[in-house]
Amino acid sequence: MQINYKKILEIHGIDIINQIKDNATDVVYNMDYLIMLGFNDVIDILERYPEIFLCSQKEFKGKTNEFIKQLGINYVELLENDMGLWEEIL
């Protein structure tokens, strides 16, 4: 897994890069949590929606679980086919 920080910088600016650095433990945990839930495109999600990963581990897990509940059992397929849905978790 290789995060394209240049892509994040171009889209979101230096402030997000600094926030990712400052919250690295939470970001890594939150990425691992999505992998555990069955997502294969976690790097792409991070590069497009880094703000999602900046919350605390507890907050991220709560928001994600609630969002998944709303989407239903085929949440992975829905989110992988329409990345724009991730904006709703913000």
Side-chain angles (χ1 to χ4, degrees):
M1 278 197 293
Q2 188 72 16
I3 298 170
N4 185 343
Y5 288 102
K6 184 176 178 182
K7 180 179 177 182
I8 296 172
L9 178 65
E10 290 172 359
I11 296 170
H12 303 282
I14 191 69
D15 288 340
I16 284 291
I17 299 293
N18 290 330
Q19 289 177 44
I20 290 171
K21 184 180 89 174
D22 292 344
N23 297 293
T25 301
D26 287 328
V27 171
V28 170
Y29 172 89
N30 296 341
M31 290 174 66
D32 287 343
Y33 188 66
L34 288 186
I35 291 168
M36 186 205 62
L37 291 173
F39 290 96
N40 297 314
D41 57 350
V42 174
I43 296 293
D44 196 29
I45 298 166
L46 172 68
E47 291 171 354
R48 292 182 190 204
Y49 305 103
E51 303 89 358
I52 295 169
F53 295 86
L54 297 175
C55 5
S56 71
Q57 298 168 20
K58 183 179 179 180
E59 182 181 0
F60 181 84
K61 194 173 181 180
K63 283 182 175 182
T64 303
N65 291 342
E66 183 61 35
F67 189 51
I68 287 170
K69 225 190 313 186
Q70 291 173 1
L71 293 174
I73 60 172
N74 60 340
Y75 63 90
V76 172
E77 181 182 341
L78 289 170
L79 288 164
E80 287 183 346
N81 288 329
D82 185 358
M83 293 283 286
L85 291 172
W86 283 106
E87 292 179 15
E88 294 182 33
I89 205 168
L90 297 172

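The figures that follow rest on heavy atoms only: side chains count, while hydrogens, waters and symmetry mates do not.
Between Glu51 atom CD and Ile20 atom CD1 the span is 8.5 Å, to the nearest 0.5 Å. The CD atom of Glu47 sits 7.5 Å away from atom CD1 of Ile11, with the distance rounded to the nearest 0.5 Å. Remark: Asp82 CG to Glu77 CD distance equals 12.0 Å, nearest 0.5 Å. In this structure, the separation between CG on Asp15 and CG on Leu9 is 10.0 Å, given to the nearest 0.5 Å.
When every heavy atom of Val27 is checked against every heavy atom of Leu54, the shortest pair comes out as CG2-CD2, 4.0 Å. The shortest non-hydrogen separation linking Phe39 to Glu80 is CA-OE2, 3.9 Å. The two atoms that bring Ile8 and Pro50 nearest to each other are CG2-CG, 4.4 Å, heavy atoms only.
Although no hydrogens or angles enter the test, the distance criterion places no donor-acceptor pair under 3.5 Å between the side chain of Tyr49 and the main chain of Leu90. With hydrogens and angles disregarded, a donor-acceptor distance shorter than 3.5 Å links the side chain of Asn30 to the backbone of Cys55.
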Evaluate the side chain to side chain contact (heavy atoms under 4.5 Å, CB included) criterion for residues Asn65 and Lys61: first the C-alpha distance (whole Å), next the side-chain angles of each, then the deciding distance (0.1 Å), finally the verdict. CA-CA 6 Å; Asn65 291 342; Lys61 194 173 181 180; 3.7 Å; yes
Hey, mind stepping through Gln57 and Thr25 against side chain to side chain contact (heavy atoms under 4.5 Å, CB included) and telling me if it holds? CA-CA 9 Å; Gln57 298 168 20; Thr25 301; 3.8 Å; yes
Let's go through Met31 and Ile43 carefully: what are the C-alpha distance in whole Å and the side-chain angles of both, what is the deciding distance for side chain to side chain contact (heavy atoms under 4.5 Å, CB included) to 0.1 Å, and is it a yes or a no? CA-CA 8 Å; Met31 290 174 66; Ile43 296 293; 3.5 Å; yes
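By the criterion of side-chain heavy atoms lying less than 4.5 angstrom apart, applied directly or through intervening Ile, Leu, Val, Met, Phe, Trp or Tyr residues, Ile73 is not grouped with Leu78; the two fall into different hydrophobic clusters. Residues Ile16 and Tyr5 are members of one and the same hydrophobic cluster, defined by side-chain heavy-atom contacts under 4.5 angstrom among Ile, Leu, Val, Met, Phe, Trp and Tyr. Cluster annotation: Ile45 is connected to Ile35 through the hydrophobic network of ILVMFWY side chains, with a link wherever side-chain heavy atoms come within less than 4.5 Å. When the side chains of ILVMFWY residues are joined at heavy-atom separations under 4.5 Å, either directly or via intervening members, Met83 and Leu85 end up in a single hydrophobic cluster. Taken together through direct or relayed side-chain contacts under 4.5 Å among Ile, Leu, Val, Met, Phe, Trp and Tyr, Val28 and Leu46 form parts of separate hydrophobic clusters.
Using a 4.5 Å heavy-atom threshold, the side chains of Asp44 and Lys7 count as touching. Between Ile89 and Trp86, the closest side-chain pair of non-hydrogen atoms falls below 4.5 Å. Using a 4.5 Å heavy-atom threshold, the side chains of Leu71 and Glu88 count as separate. By the 4.5 Å heavy-atom criterion applied to side chains, Val76 and Leu37 are not counted as neighbours.
The aromatic rings of Tyr33 and Phe60 stand perpendicular to each other, their planes meeting at an angle above 60°, with 30° marking the opposite boundary.
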